[in-house]
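Following: one structure in structure tokens, then a few remarks.
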2 protein chains.
Amino acid sequence: MLDPAPSAGSPTRAATIEDVARHAGVSRAAVSKVIRDAYGVSDRMRERVTASIETLGYRPRVAARAMRGSTSTIGVQLPQVDNDFFTRILTGAVQSLRESGYQLIIAPMADPVSGTAALESLYDRQVDGIIAVAPAVPQAWLEGLGQRVPLVQVGQHDHPRNYDVVVGDDDEGARLVMEHLFAAGHTRIAHVTNDERVLVEPRTDPHPRRLRVYERLMRERGLEPEVIRIDPAEHDARRTVASLLDRAVRPTALFAGHDSLALSALEVVANRGLGSADFAVVGYDDVPIASHPLIGLTTVDQDGEQMGATAAHLLLERIRGRIEPERRVFSPALRVRATSSPPSVAAR
Amino acid sequence: MLDPAPSAGSPTRAATIEDVARHAGVSRAAVSKVIRDAYGVSDRMRERVTASIETLGYRPRVAARAMRGSTSTIGVQLPQVDNDFFTRILTGAVQSLRESGYQLIIAPMADPVSGTAALESLYDRQVDGIIAVAPAVPQAWLEGLGQRVPLVQVGQHDHPRNYDVVVGDDDEGARLVMEHLFAAGHTRIAHVTNDERVLVEPRTDPHPRRLRVYERLMRERGLEPEVIRIDPAEHDARRTVASLLDRAVRPTALFAGHDSLALSALEVVANRGLGSADFAVVGYDDVPIASHPLIGLTTVDQDGEQMGATAAHLLLERIRGRIEPERRVFSPALRVRATSSPPSVAAR
DNA sequence: CTGAAAGCGCTAACAC
DNA sequence: GTGTTAGCGCTTTCAG
């Protein structure tokens, strides 16, 4: 496959199936059958053709194949490549597709805020199916896409008709966090979350859900919610968290909408020489570094790998013809670590 | 673009350029010109065609275009999606290509050890150019690929004829690390690195280079090198590092071949209740988490984003016709942080 | 079991 | 300015 040097020197245009056929002295159809392992080729012919393919360094063009049938490729749309939770999902999908015969290609969202471009690009490439991770597009638009190509959406609380959904139970996750903090004796608990203005579909996004559970549970205990919103574009949650610590009466705990925010918060806390007894921090997602003993971030494990693997699995079913939408809701698990101590007596 | 619902109900096969032409009452060529913004279309015609495209939800197939000319896409091959240094490179490339008119697709290596598959898959898709990040393939094979498609390789110390190279100065980086440790008074310094058996091209790989500098500088000072190799497949550097700490006479410092190994080492150290005065750790790459105050990993910054951006830039040049190979060597910078204290008197 | 030929959707000459 | 047409490389009937 793709031999070191073609006939060295000339800028030889790449070999086509025609070239192989001529070289092997057979018809194009015969070659096609050999490479697709189709029915009806004699052993002798297979050998000859294989040899010619080898010497000519022939590789079938995906584009030409796409014009007749399928591309044997699955596309994954990823909001950010440098987010370790999305990476967990991707890893699960990659592993699950390894033996499937499908090639995986990833289209990164160039613009993390609005994002039809990456999905359109996959569609235009005629991938056989698409896994959309936390897509920032209106649900109606996704329905349209799902009508045209097998589609699985990961991360949003949709109830779609034309695609499948893999999502974590964010209500449950948020509840686990809050009850853990309440049980530890915290009452002044703040919540940092994404700025709602940047959300395309606030109703299905996981972060507003976590927020709402937070607010409800606080109020149920007669406590005043304290919500801080971060504009993801500005990229620096630290200043905002810092301002929280400057308050006259500051919170004793922070429930961060995702681990990246939690890590930023820990940064501020550490830089001030404070510890978890002064200011507890709980995240969401359980990114790999959270379990590092130097970090020890208490957080909610969504099992991203399993979500990715499930998405891949559902997509294959859909490609094979399933039409009815499926929903898989993952139960989260709280990972209690060092950053969520009870408040110190002084802080309380 | 890609409207919510096509003519709802029927499983309408997607519109083609032919359909648009018919709907607008013009020729296929006219439509083609409009969508490519080509010369020679009247305003009135452009309007009509645009309207038809809109109502039919027409999108040009990349595959069909590929059969005539280019695909306007650039492919990136990534060894692992969950490696934060590769992610830095990718981020740089994504940003740099944002306005270029090229779509980016990423092919993850399914098999992290040997890896022609991802590159072949990109080639088969007729991408207009390829960025190969730390490819695990023989150099001769890459030369072959470079003869067929514009190619930039990131991370290996090649001296190629048919592609460009973007690489860090690993000799310099390793020297910075060692002199820093020597200056701090360390003499028993160990080195963890990847198992050489898994390397396809040990001569061009950065890790053996770092290793060799380590060995040379140790010997120059009359010190005995102590090298530990990790099989990346086994994925667990911790046990190996732990065994190092169990020695009767244990090292006071560890130079880790990359940050992931360094973080594993810090895990072991922390779990034993040891600190940097007992066992200093220095990494390589400066992954984002290294600068977190709770980690404070001393490491070598390779400026992955800049490397990725440069790779993208060189690739565009090559796509535009440059033939002579270019090499860009990046000077690394040591980021001194908390994990590299001098040895305590007791440990010394 | 093998070969000839039609056609997938698009672009680029070229003719009008 | 606009339309006609010849392929690009492949798969897939359909005859032989």
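Residue numbering restarts at 1 for every chain, and letters A, B, ... go by the order of the sequence lines. Everything quoted here is computed from the prediction, not taken from an experiment.
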Nearest whole Å is fine: how far is [N] [atom2] from [X] [atom1]?
{"X": "B:Tyr39", "N": "C:dA12", "atom1": "OH", "atom2": "P", "result": "17 Å"}
{"X": "B:Asp37", "N": "C:dA12", "atom1": "CG", "atom2": "P", "result": "14 Å"}
{"X": "A:Asp43", "N": "C:dC1", "atom1": "CG", "atom2": "P", "result": "9 Å"}

| message | Return the CG to CD distance between A:Leu122 and A:Glu120, rounded to the nearest 0.5 Å. | response |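 One finds 10.5 Å between CG of A:Leu122 and CD of A:Glu120.
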| query | Mind checking what makes side chain to side chain donor-acceptor pair (under 3.5 Å) contact with B:Asp205, not counting sequence neighbours? | reply |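 B:His207.
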| said: If the condition is side chain to side chain donor-acceptor pair (under 3.5 Å), which residues does B:Arg61 pass it with, not counting sequence neighbours? | reply: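 Testing B:Arg61 for side chain to side chain donor-acceptor pair (under 3.5 Å), a comparison that skips the adjacent residues, returns none.
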| Using rotation axes that map the C1' atoms of four end pairs onto the next four (five pairs an end), what angle separates the end axes of the helix from C:dC1-D:dG16 to C:dC16-D:dG1, to 10°? |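 End-to-end axis angle: 40°.
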| message | Distance under 4.0 Å to a non-hydrogen atom of chain B counts as contact; along DNA chain D, which nucleotides mark the start and end? | response |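 Answer, 5' to 3': D:dG1 to D:dG9.
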| query | More than 12 non-hydrogen atoms from neighbouring residues, nucleotides or ligands closer than 6.0 Å to CZ on A:Arg322, yes or no? | reply |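 Counting other residues, nucleotides and ligands, CZ of A:Arg322 exceeds 12 neighbours.
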Listed by chain and number, what are the salt bridge (Lys or Arg N to Asp or Glu O under 4.0 Å) partners of [X], not counting sequence neighbours?
{"X": "A:Arg46", "answer": "A:Asp37"}
{"X": "A:Glu47", "answer": "none"}
{"X": "B:Arg125", "answer": "none"}
{"X": "A:Arg328", "answer": "A:Glu326"}

| Those residues that, when tested against B:Ser32, pass side-chain contact (heavy atoms from CB on, under 4.5 Å) (two or more places apart) |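 Only B:Ile17, B:Arg36 meet the side-chain contact (heavy atoms from CB on, under 4.5 Å) criterion with B:Ser32.
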| message | Just to verify, what does B:Asn83 make a side-chain contact (heavy atoms from CB on, under 4.5 Å) with, not counting sequence neighbours? | response |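 B:Asn83 satisfies side-chain contact (heavy atoms from CB on, under 4.5 Å) with B:Gln80, B:Phe85, B:Phe86 only.
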| said: If we count only N and O atoms by modelled type, under 3.5 Å, do the side chains of B:Tyr123 and B:Arg148 hold a donor and an acceptor together? | reply: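 Yes, because at least one side-chain N or O of B:Tyr123 sits under 3.5 Å from a partner of the opposite role on B:Arg148.
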Under 3.5 Å, which N/O atoms of the protein pair with N/O atoms of nucleotides 14-16 of chain C?
none

| request: Taking all non-hydrogen atoms of both residues into account, name the closest pair between B:Val154 and B:Ala311 and its distance. | output: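 Closest approach of B:Val154 to B:Ala311: CG2-CB, 3.7 Å.
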| query | So do the side chains of A:Leu90 and A:Val133 get within less than 4.5 Å of each other, counting heavy atoms only? | reply |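 No; the side chains remain at least 4.5 Å from each other.
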| Using a heavy-atom distance cut-off of less than 4.0 Å, which residues of residues 61-75 of chain A contact DNA chain C? |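 DNA chain C contact set from residues 61-75 of chain A: A:Met67, A:Arg68.
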| Contact class for B:Ser42 (heavy atom, under 4.0 Å): base, sugar-phosphate, or nothing? |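 Sugar-phosphate contact only.
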